[in-house]
Amino acid sequence: MTITSPSLGSPSAVWTDARLLYALEEVVEKELNRHLKVAKDWMPHEYVPWSDGRNFPGIFADGEAWDKEQSKVTEIGRIALVVNLLTEDNLPSYHHEIASLFGRDGAWGTWVHRWTAEEGRHGIVMRDYLLASRAVDPDKLERFRMAHMSEGFESDNRHSMLHSIAYVAFQELATRISHRNTGHQSGDPVCDRMLARIATDENLHMVFYRNLLGAAFDLAPDLTMRAVRDVVVDFRMPGHGIPGFERAAAQMAIGEVYNLRIHHDDVLQPVLRFLKVLDIDGLGPEGRQAQEELGLYMGGLDAEAAKFDERLAARKARMAARAAG
């Protein structure tokens, strides 16, 4: 995708992915150095309740079959943990996509590999926690993993480096919120601490991409505005291919792990507000149109979230009345 860039001062100048990669290299290096200074190394094994673990049936004659009563994790916590872990499991596909888009050389390549290494910890610690604490059926979890990874993952934004940057700026924050809320709803303080640690990483990843997106607005405001509009309007989480995702997503919405209100208030709005996306001026016709469409979409999403809030409140009232009666 290309677009004439008025900021270059030449009517014939166009932005390509290659030119944007080169133009943003210095920003990537700056953000990478900032990230490495503030990111803290941590050990996944330190967050796992190993003493709770025991053998499952298999090669061990004394193996004990899984039963959900063996874990203190709530039902909504169990559902969300499986969705969150299976999302992390497709890391090989994610790495392939960003390495293909961003390259493996220079600051871009260093970031790609560092991000992958940090994300790898998340899948390690979550699976170890789930198995040691017996929070989920291990056989079912493995069948889900095989089905999900066998399908692989292809991003909706793989056609454009700029769309991909815009997407991950929101998606990393969405992942942080999902992990954090899962911890709050899990019923297990150990799980809550583990997911809080993961959420801290995800927030730093969001800051990296959000700042990179801000630099893209400075370079190519019209093109970036169009990318943000496209990403926000068509946004869906990377785990959408998980078996049974729609049902799990509905349960997570009711359980207040991730729903329309959270998506609008805690994911989209913070990034748009920080970058002042809806207040940017000096745009060309296509940029202004994209900005207007983005504003209209956000208004419509807020209205849909309000309707969801009403339905959720009514459901809670019915459940409370049933419990009291």
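We're numbering straight along the sequence, starting at 1.
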* **Side chain Trp15, main chain Leu223, donor-acceptor under 3.5 Å** => no
* To do: Report the residues that fulfil salt bridge (Lys or Arg N to Asp or Glu O under 4.0 Å) with Asp188, sequence neighbours left out, ordered by chain and then residue number.
  => none
* Does Arg229 make a cation-pi contact with Tyr297 (under 6.0 Å, within 45 degrees of the axis)? -> no
* In terms of hydrophobic clustering (I, L, V, M, F, W, Y; side-chain heavy atoms under 4.5 Å; direct or indirect links), are Val257 and Val190 co-clustered? -> yes
* Will you find, in the side chains of Glu88 and His179, an N or O donor that is under 3.5 Å from an N or O acceptor? -> yes
* Asked: Are the side chain of Arg288 and the backbone N or O of Leu283 linked by a donor-acceptor pair below 3.5 Å?
  -> yes
* For the pair Arg158 (side chain) and Ser155 (backbone), establish whether a donor and an acceptor sit closer than 3.5 Å, ignoring hydrogens and angles. => yes
* May I ask you to decide whether Glu310 forms a salt bridge with Lys307, counting only side-chain N to carboxylate O separations under 4.0 Å? => no
* To do: Look only at the side chain of Trp50 and the backbone of His45, and say whether a donor-acceptor pair between them is shorter than 3.5 Å.
  => yes
* To do: Could you tell me whether Glu118 and Arg114 make a salt bridge, using a distance below 4.0 angstrom between a side-chain N and a carboxylate O?
  => yes
* Asked: Using a distance-only test with no angle check, is there a side-chain donor-acceptor pair under 3.5 angstrom linking Ser178 and Asn84?
  -> yes
* Asked: For the hydrophobic clusters of this structure (ILVMFWY residues joined by side-chain heavy atoms under 4.5 Å, transitively), does one cluster hold both Phe274 and Val277?
  -> yes
* To do: Using a cut-off of 6.0 Å, state whether more than 12 heavy atoms not belonging to Gln251 lie near its atom CD.
  => yes
* Asked: Do side-chain atoms of Asn90 reach the backbone of Ser93 as a donor and acceptor pair under 3.5 angstrom?
  -> no
* Asked: Going by distance alone, is a donor N or O of one side chain under 3.5 Å from an acceptor N or O of the other, for Asp89 and His148?
  -> no
Only distances under 3.5 Å count here; give the side-chain donor-acceptor pairs of residues 134-141 to other protein atoms, sequence neighbours excluded, each with its distance to 0.1 Å.
residue: Arg134; atom: NH1; partner: Glu64; partner atom: O; Å: 2.9
residue: Arg134; atom: NH1; partner: Ala65; partner atom: O; Å: 3.4
residue: Arg134; atom: NH1; partner: Gln70; partner atom: OE1; Å: 3.0
residue: Arg134; atom: NH2; partner: Arg54; partner atom: O; Å: 3.4
residue: Arg134; atom: NH2; partner: Asn55; partner atom: O; Å: 2.7
residue: Arg134; atom: NH2; partner: Glu64; partner atom: O; Å: 3.0
residue: Asp137; atom: OD1; partner: Asp139; partner atom: N; Å: 3.0
residue: Asp137; atom: OD1; partner: Lys140; partner atom: N; Å: 3.4

* Under 3.5 Å donor-acceptor, Asp17 side chain and Met161 backbone -> yes
* After noting the C-alpha distance and the side-chain angles of Glu172 and Arg176, does the key distance pass the salt bridge (Lys or Arg N to Asp or Glu O under 4.0 Å) rule? -> CA-CA 6 Å; Glu172 292 282 5; Arg176 170 188 178 261; over 6 Å; no
* To do: Taking ring-ring contact (aromatic ring centres under 6.0 Å, His included) as the test, write out the residues that go with Trp66, two or more places apart.
  => none
* Quick one: does Thr182's side chain have a donor or acceptor within less than 3.5 Å of a partner on Gly77's backbone? -> no
* Is any NZ, NE, NH1 or NH2 atom of the basic residue among Glu293 and Arg226 found under 4.0 Å from an Asp or Glu carboxylate oxygen of the other? -> no
* Residue pair Gln171 / Thr175, side-chain donor-acceptor N/O under 3.5 Å -> yes
* Give me the ring orientation class for Tyr258 and His263: parallel if the planes are under 30° apart, tilted from 30 to 60°, perpendicular past 60°. => tilted
* With a 3.5 Å cut-off and no angle check, do the side chains of His95 and Glu119 form a donor-acceptor pair? -> no
* To do: State whether the side chain of Glu202 and the backbone N or O of Leu173 hold a donor-acceptor pair below 3.5 Å, judged by distance alone.
  => no
* Ion pair present between Arg121 and Asp128, side-chain N to carboxylate O less than 4.0 angstrom? -> no
* Do Ser133 side-chain atoms and Ser71 backbone N/O form a donor-acceptor pair below 3.5 Å? -> no
* Asked: If you measure from the Lys or Arg side-chain nitrogens to the Asp or Glu carboxylate oxygens, is any gap between Asp192 and Arg180 under 4.0 Å?
  -> yes
* Would you check if there is a donor-acceptor pair between the side chains of Tyr209 and Trp115 at a distance under 3.5 Å? => no
